[in-house]
Amino acid sequence: MLQPQHGVNIQVQRTREWILEALLILLETIPYEKIKIAAITNKAGVARQTFYRNYKSKDDIIETYLETLFNEFIMDIKRLVSEDKEDVIPKLIFEKLERESNTTTRLMKANIEHLLIKHFQRLERTYADKLCGNEREWRKQLYYRYSMKYQLSGVFGIMVDWLMNGMPLPAAEMGEIISELSKSFRQTDQYAPDFLQRIEKLEY
């Protein structure tokens, strides 16, 4: 389970956990697109107005979870004290997914790829903006954007495959694989893990 969010009181955190868990339980028997807000609030034991104090929509439940998961990951990275961050960060990604696998695996099976892709597209844009800096030449900007898309899309595909196939390799070994596959980017100014150090928070 995710850690309590900074600036979010305990009752709000608990309410959001109940709502997320209710959605996950419903997903076991009902397709995502057919789940109604009323069914979620009934299963969670909260009032409809309580739901809308916390979320704008059903999609917002998942988007908020993904945002929290990513921002926790960023905080974990910033707490690292390591000379070899290229190896530590990929390992940390899979350790985080492993700890959250009860939730992430259930979401992966719920046919909500559009929400996961939306989240990664925001991350790609954030990375590309950081990489471009004051660069004004549009071909260079496009090159940076494609560089980030290439790296993140590859990692995303591997993450999904790993989760959907029951995490066949340990998180540490997955980190080593990603590091090995990313060698060609390590000595450039476009290596995605380096940019994680510069992102403070990803917001919707």
Could you please spell out the steps behind the ring-ring contact (aromatic ring centres under 6.0 Å, His included) verdict for Y55 and F51?
-> CA-CA 6 Å; Y55 299 110; F51 177 91; 5.7 Å; yes
Search all heavy atoms of L24 against all heavy atoms of L107 and return the closest pair with its distance.
-> CD2-CD2, 3.6 Å
When E63 is tested against each of K58, K56, K118 for salt bridge (charged side-chain N to carboxylate O under 4.0 Å, His left out), which residue passes?
-> K118
Calculate, to the nearest 0.5 Å, the distance between atoms CD1 and OH belonging to I61 and Y65 respectively.
-> 13.5 Å
Who passes side-chain hydrogen bond (donor to acceptor under 3.5 Å, both in side chains) against R53, sequence neighbours left out?
-> T50
Check the pair E21, I25 against side-chain contact (heavy atoms from CB on, under 4.5 Å), reporting the backbone distance first and the verdict last.
-> CA-CA 6 Å; E21 184 59 28; I25 292 170; 3.7 Å; yes
Which donor-acceptor pairs under 3.5 Å do side chains of residues 152-174 form with protein atoms, sequence neighbours excluded?
from: S153; atom 1: OG; to: K149; atom 2: O; distance (Å): 2.7
from: D161; atom 1: OD1; to: N165; atom 2: ND2; distance (Å): 3.3
from: W162; atom 1: NE1; to: L169; atom 2: O; distance (Å): 2.9
from: N165; atom 1: ND2; to: D161; atom 2: O; distance (Å): 2.8

Within-4.5 Å side-chain heavy-atom neighbours: N54 and T64 | no
Are E95 and K91 close enough for a salt bridge, meaning some N to O gap below 4.0 Å?
-> yes
Inter-residue atom distance S182.OG - I89.CD1, 0.5 Å rounding | 11.0 Å
So how far is it from L23 CG to I40 CD1, rounded to the nearest 0.5 Å?
-> 5.0 Å
Hits for side-chain contact (heavy atoms from CB on, under 4.5 Å) against A44, two or more places apart or cross-chain, chain-then-number order -> W18, I19, A22, V46
For atom OH of Y146, decide whether the heavy atoms of other residues, nucleotides or ligands shown that lie under 6.0 angstrom number more than 12.
-> no
In Å, rounded to the nearest 0.5 Å, how long is the span from OG1 of T104 to NZ of K109?
-> 10.5 Å
Report yes if some heavy atom in the side chain of I178 is under 4.5 Å from a heavy atom in the side chain of I93; otherwise report no.
-> no
Judged by atom type as modelled, is there a donor-acceptor pair below 3.5 Å linking the side chain of S57 to the main-chain atoms of D60?
-> yes
Those residues at least two apart in sequence (or on a different chain) that pass side-chain hydrogen bond (donor to acceptor under 3.5 Å, both in side chains) with T105 are none
Mind checking side-chain contact (heavy atoms from CB on, under 4.5 Å) for Y143 and listing every partner two or more places apart, or none if nothing turns up?
-> Q190
Does anything in residues 31-47 pair up under side-chain hydrogen bond (donor to acceptor under 3.5 Å, both in side chains), and if so which pairs, sequence neighbours excluded?
-> Y32-D59
Using salt bridge (charged side-chain N to carboxylate O under 4.0 Å, His left out) as the criterion, list what pairs up with E28, not counting sequence neighbours.
-> R106
Please lay out, stage by stage, how E100 and T103 fare under the test side-chain contact (heavy atoms from CB on, under 4.5 Å).
-> CA-CA 6 Å; E100 287 292 314; T103 299; 4.3 Å; yes
